[in-house]
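Encoded as structure tokens, the structure appears first; notes follow it.
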Amino acid sequence: MEGKRPQFGNRHLDDPSRVFQHNAWDNVQWSEEQESAAHKKVQENSVQPLPLEKQEEYENKASNFWDDFYTIHENRFFKDRHWLFTEFPELSSRSSTQTGTESQEGQVMQLNGCQEETERADVENPFPGASATYRIMEVGCGVGNTVFPILQNNTDPGLFVYCCDFSSTAVELVKSNELYSPSRCFAFVHDVSDEQSSFPMPEHSLDVIVLIFVLSAINPAKMQNVISRLSSLLKPGGCILLRDYGRYDMAQLRFKKGRCLAENFYVRGDGTRVYFFTQDDLDTLFISAGLQKVQNTVDRRLQVNRGKQLTMYRVWIQCKYVKPQETELQNGGCSSE
Ligand SMILES: C[S@@+](CC[C@H](N)C(=O)[O-])C[C@H]1O[C@@H](n2cnc3c(N)ncnc32)[C@H](O)[C@@H]1O
């Protein structure tokens, strides 16, 4: 599969009469009218945000709503995301993305200033994946639709994959999957928006952090703290990969009045929440966390239901931000475009 699937952005609709000839078209240009109709829809559906006590309830019970979601859908809802490897080669075997900061077996933190001290601590108090040479963590992993394709696709013997979610139901489903292997993977319950909860790995230990449609589920007021904490877990040269909902995505325009919590932040009928990002929103979050931009693109896709002759305008944002090398001279684990 790897190498065969074209990257997003290659199929253009030049002749509108051909719209129903394919399932999806990339980089669709929006007309000014379409943009202002979308703007108007959002103004309408967000005219009166939900009262504060309702907002607090959705915040405080956020993991319960996702638990309910996974109790109902188990692992049938999200599809495995095989496009991950064409969009994010950092998740594949490292032959082409060798990191300049990789460590030798068991020596996890050659990069921070107090090397000897930390190596001693590792021997005394090892953490899951301590002996790995390439560590990926997926945050908000759900039932593993990203994690399992990584474990299947990436045959690097030094790979270790962490995955966490604040829904214990989701994490249980990951652990009970026949592809789950404790020697290569560690799934744990963790609320990334909770500043007090600690991670199972030390700072400066991760090569890649993956955020696939998860930051949008977090209260925008807490997003900066989440990204800054995650950034501290990255090795220099390590990166955060994100794909998430963009402003005016069809899903945003479909919200009715009474579902808006804050600007561009809504609650679905099942109690789960979703924010719709601009490229600038994300750039600010990552840059403020000390990361550097490698990619920040908007993917405006026209999806087509050929059977029902329906068109759906999707907007997604894809980002890759890298933690600077101490020297800035070496090439990091994350490839630049
Ligand atoms: C839309 S789903 C995406 C799941 C998965 N990333 C995928 O690609 O299939 C969002 C996930 O984020 C999780 N989530 C939301 N807020 C979270 C938080 N504060 N900490 C950890 N996980 C969270 C939810 O439980 C849910 O599994």
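Numbering of ligands and ligand atoms starts at 1, following listing order. Only heavy atoms go into these numbers, but all of them, side chains included; no hydrogens, no water, no symmetry mates.
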Worksheet item: Counting from 1, what ligand 1 atoms have a heavy atom of Gly142 closer than 4.0 Å?
Response: 27 (O)
Worksheet entry | Over 12 non-hydrogen atoms of neighbours within 6.0 angstrom of CZ in Arg268 | yes
Fill in: Aromatic ring proximity Tyr245/Phe213, centre distance under 6.0 Å
yes
Worksheet item: When you look at Arg301 and Asp299, which way does the salt bridge (Lys or Arg N to Asp or Glu O under 4.0 Å) test go after all the steps?
Response: CA-CA 6 Å; Arg301 183 101 45 100; Asp299 177 1; 2.8 Å; yes
Worksheet entry | Close approach, Ala170 and ligand 1, non-hydrogen under 4.0 angstrom | no
Worksheet item: At a 4.0 Å cut-off, with the gap strictly under it, does some heavy atom of His190 reach an atom of ligand 1?
Response: yes
Item to complete: Tell me which one of Tyr70, Tyr245, Phe213 gets a heavy atom nearest to atom 26 (C) of ligand 1.
Response: Tyr70
Worksheet item: Which of the numbered atoms in ligand 1 are below 4.0 angstrom from a heavy atom of Cys141?
Response: 5 (C)
Item to complete: Would you mind running through ligand 1 and noting each atom that sits below 4.0 Å from a heavy atom of Val192?
Response: 18 (C), 19 (N), 20 (N), 21 (C)
Discussion item. I need the atoms of ligand 1 closer than 4.0 Å to a non-hydrogen atom of Glu138, numbered in the order shown.
Written reply: 5 (C), 6 (N)
Practice prompt. Taking only heavy atoms of Val214 into account, list the atoms of ligand 1 that are under 4.0 Å away from them.
Written response: 12 (O), 14 (N)
Worksheet, complete the sentence: If we number the atoms of ligand 1 from 1 as shown, the ones under 4.0 Å from a heavy atom of Asp191 are 18 (C), 19 (N), 20 (N)
Practice prompt. May I ask you to list the atoms of ligand 1 that are less than 4.0 angstrom from any heavy atom of Ala217?
Written response: 15 (C)
Worksheet entry | Min heavy-atom dist Phe69 to ligand 1 below 4.0 Å | no
Worksheet entry | Parallel, tilted or perpendicular: rings of Tyr266 and Phe276 (30°, 60°) | perpendicular
Worksheet item: Which of the atoms of ligand 1 are close to Thr146, meaning less than 4.0 Å from one of its heavy atoms?
Response: 8 (O)
Worksheet item: Are Phe160 and Phe186 near enough that their ring centres are under 6.0 Å apart?
Response: no
Worksheet item: Are any non-hydrogen side-chain atoms of Ile227 and Leu211 less than 4.5 angstrom apart?
Response: yes
Worksheet item: Do Lys235 and Asp207 touch side chain to side chain, with heavy atoms closer than 4.5 Å?
Response: yes
Discussion item. Would you say that Arg273 contacts Asn219 through its side chain, given a criterion of any heavy-atom pair below 4.5 Å between the two side chains?
Written reply: yes
Worksheet item: Side chain or backbone of Trp66 under 4.0 Å from ligand 1, or both, or neither, by non-hydrogen atoms?
Response: side chain
